[in-house]
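Computed from a prediction, not measured in an experiment: that's the story for all the values here.
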Amino acid sequence: MSRTRVEARLAFWSALTFGSLLTSFMTTRPVRDALVVEGNADRIPWLFTASFVIFIAITPVWGAAVRRSPRRVVPASFHVFAIGSLVFAGLARWNVGVHVTPYAFYIWAAVYNQFIVSVFWSLLADLVGPTTAKKLYGPIAAGGTVGAFVGPLLTKYLLELIGFSGVMVLPAVFLELAVVGTIVLRRAADQLDVSNREDAPLAESPWSGLQKTVQSPYLSALATFTMLTAVAATFVYYTQANIVKLELPDRIARTDYFATLDFWQQFATFAVQLVVAPLLLRRLGPGPLLCILPLLQLAGLIGFWLAPSLALIAAVHISSRTLAFGLTRPARELCFTVIDREDKYRAKNVIDTLMYRFGDFISAWGFFALGLGVGLVALSSLLTAGWIALAISLGIGFRRRTKESPA
């Protein structure tokens, strides 16, 4: 089989698997939001804090789990979250812990989404080299966007038929489909001429991911870039929410407004991932692409401060999220294809989960302390300068490492 056909097969099954994973999560997001609204929304920073603490606890557990056979542990982790989904479905079905379950489910959903996406891309980074990744990561990400479309639609149209608890079973179904997908895409990747075909054991230390992240300048830059991405996203999210709440007091109108924005954002993201991302990743590499989102989100925050409006929110929401998922995510994932195999599973998981949730944690409390004002804009300007410097350094580091790992 020619390399082009192998790559096409790998892209198809990877996109299908990623689509299944995002479908599984997106079926739960409307459930999560509906449950948490029944509680106190002011507790959301505490929920972010709880998610961050849980990832601190998960880090050594995952580091130990992947030691013997990391490629087999990835689909096994999908089984674990499928079981968790069924547990929450049972709690909802029999109204167990009605005052605690909404918050527990919110935290579980936050951990679940961040974790399964991270380990999926860890597996891909292990299976393909940077040259192949430049061609395939855009279309693979587009498969996830299709899943992000399908998930809420399934929840919307099946809710009356199978009920609230029935919808909470859906993630388990799609997680098991993703397990099948990982088996097939691994077989497809075996036909690529990459140097690392064996599922060799990793080093003993379960904390090596955190240690390497701190010790390596390249991994530290990736970790800080990821943290700043979460900080900026949370600042923009809270700012938009506050403005929309003032402009559209009616709950139905707000829901319709955000639903419309999400639809066009998903549509634009799919187009960028499928057409633009592969072209720009091959020609420019990750560095220049990682610089775009910081500039756009800073401009959006300044605009919200000077002249807030629903039209501006629509423009910033659609463009920033399209860039985040259409270009920044594939470009950032590309940076992980040139690190050591152990770091692809351990350090990458620390960066994607622990560091991202740390960004959520500090930004949620920071926004409540600063509000939308000159202090937030000044802080965001400083963070953006550092964010762009990190993007440039990652681009340089990626090019240097690519020469050492050109597959």
I would like to know whether Val338 and Tyr218 meet side-chain contact (heavy atoms from CB on, under 4.5 Å); could you show each step before the answer? CA-CA 10 Å; Val338 293; Tyr218 185 76; 3.6 Å; yes
For the residue pair Pro330 and Leu327, what are the closest heavy atoms and their distance? CD-O, 3.3 Å
Leu170 CG to Thr23 OG1 distance, which is reported to the nearest 0.5 Å: 10.0 Å
Partners passing ring pair (Phe, Tyr, Trp, His ring centres under 6.0 Å) against Phe336 (at least two apart in sequence or in another chain): none
Heavy-atom donor-acceptor pair, Thr224 side chain to Ala221 backbone, under 3.5 Å: no
Pairing residues for Trp121 by the ring pair (Phe, Tyr, Trp, His ring centres under 6.0 Å) criterion, not counting sequence neighbours: Phe18, Tyr137
Cut-off 3.5 Å, no hydrogens considered: what does the side-chain donor-acceptor table look like for residues 176-185, sequence neighbours left out?
{"from": "Glu176", "atom 1": "OE1", "to": "His79", "atom 2": "ND1", "distance (Å)": "3.0"}
{"from": "Glu176", "atom 1": "OE2", "to": "His79", "atom 2": "ND1", "distance (Å)": "2.9"}
{"from": "Thr182", "atom 1": "OG1", "to": "Val179", "atom 2": "O", "distance (Å)": "2.6"}

Atom CZ in Phe149, atom OG1 in Thr145: separation rounded to 0.5 Å? 7.5 Å
With rounding to the nearest 0.5 angstrom, report the CZ to OG distance, Arg346 to Ser122. 12.0 Å
Quiz question: by atom type and distance under 3.5 Å, do the side chains of Tyr112 and Ser24 form a donor-acceptor pair? yes
Please lay out, stage by stage, how Met227 and Ile362 fare under the test side-chain contact (heavy atoms from CB on, under 4.5 Å). CA-CA 10 Å; Met227 182 193 70; Ile362 61 174; 4.2 Å; yes
Arg332 to Phe225, cation-pi by 6.0 Å centre distance and 45° axis angle: no
Between Pro139 and Pro278, the two heavy atoms sitting closest are CD-CG, 3.6 Å
So Val117 and Arg329, do their side chains get closer than 4.5 Å, heavy atoms only? yes
Between Arg67 and Glu342, is there a salt bridge with N-O shorter than 4.0 Å? no
Verify, without hydrogens or angle tests, whether Ser216 (side chain) and Lys212 (backbone) share a donor-acceptor contact under 3.5 angstrom. no
Taking only residues at least two apart or on different chains, which pairs with a member in residues 157-173 satisfy side-chain hydrogen bond (donor to acceptor under 3.5 Å, both in side chains)? none
Under 3.5 Å, sequence neighbours excluded: what are the donor-acceptor pairs made by side chains of residues 81-90?
{"from": "Ser85", "atom 1": "OG", "to": "Met168", "atom 2": "O", "distance (Å)": "2.5"}

List the steps, then state whether side-chain contact (heavy atoms from CB on, under 4.5 Å) holds for Phe325 with Gln266. CA-CA 9 Å; Phe325 295 108; Gln266 297 283 10; over 6 Å; no
Nearest 0.5 angstrom please: Leu21 CG to Ile116 CD1, how far? 4.5 Å
Between Trp62 and Phe115, is the ring centroid distance below 6.0 Å? yes
Shortest non-hydrogen separation from Ala331 to Leu289 and the atoms involved: CB-CB, 4.2 Å
Show your reasoning for whether side-chain contact (heavy atoms from CB on, under 4.5 Å) applies to Ser14 and Leu136. CA-CA 9 Å; Ser14 299; Leu136 303 187; over 6 Å; no
Looking only at heavy atoms, which two atoms of Val119 and Ser77 are closest? And how far apart? CG2-OG, 3.9 Å
Residues at least two apart in sequence or cross-chain that pass side-chain hydrogen bond (donor to acceptor under 3.5 Å, both in side chains) with Gln114, listed by chain then number, are Arg357
Once you round to the nearest 0.5 Å, how far does CD1 of Ile313 lie from CD1 of Ile318? 11.5 Å
Does Lys344 come within less than 4.0 Å of Asp126, counting only side-chain N to carboxylate O? no
Are the aromatic rings of Phe358 and Phe52 close, with centres under 6.0 Å apart? yes
Using only atom types and a distance under 3.5 Å, with no angle test, would you say the side chain of Thr384 pairs donor to acceptor with the backbone of Ser380? yes
Could you walk me through whether Gln273 and Thr269 pass the side chain to side chain donor-acceptor pair (under 3.5 Å) test, one step at a time? CA-CA 6 Å; Gln273 289 169 335; Thr269 299; 5.8 Å; no
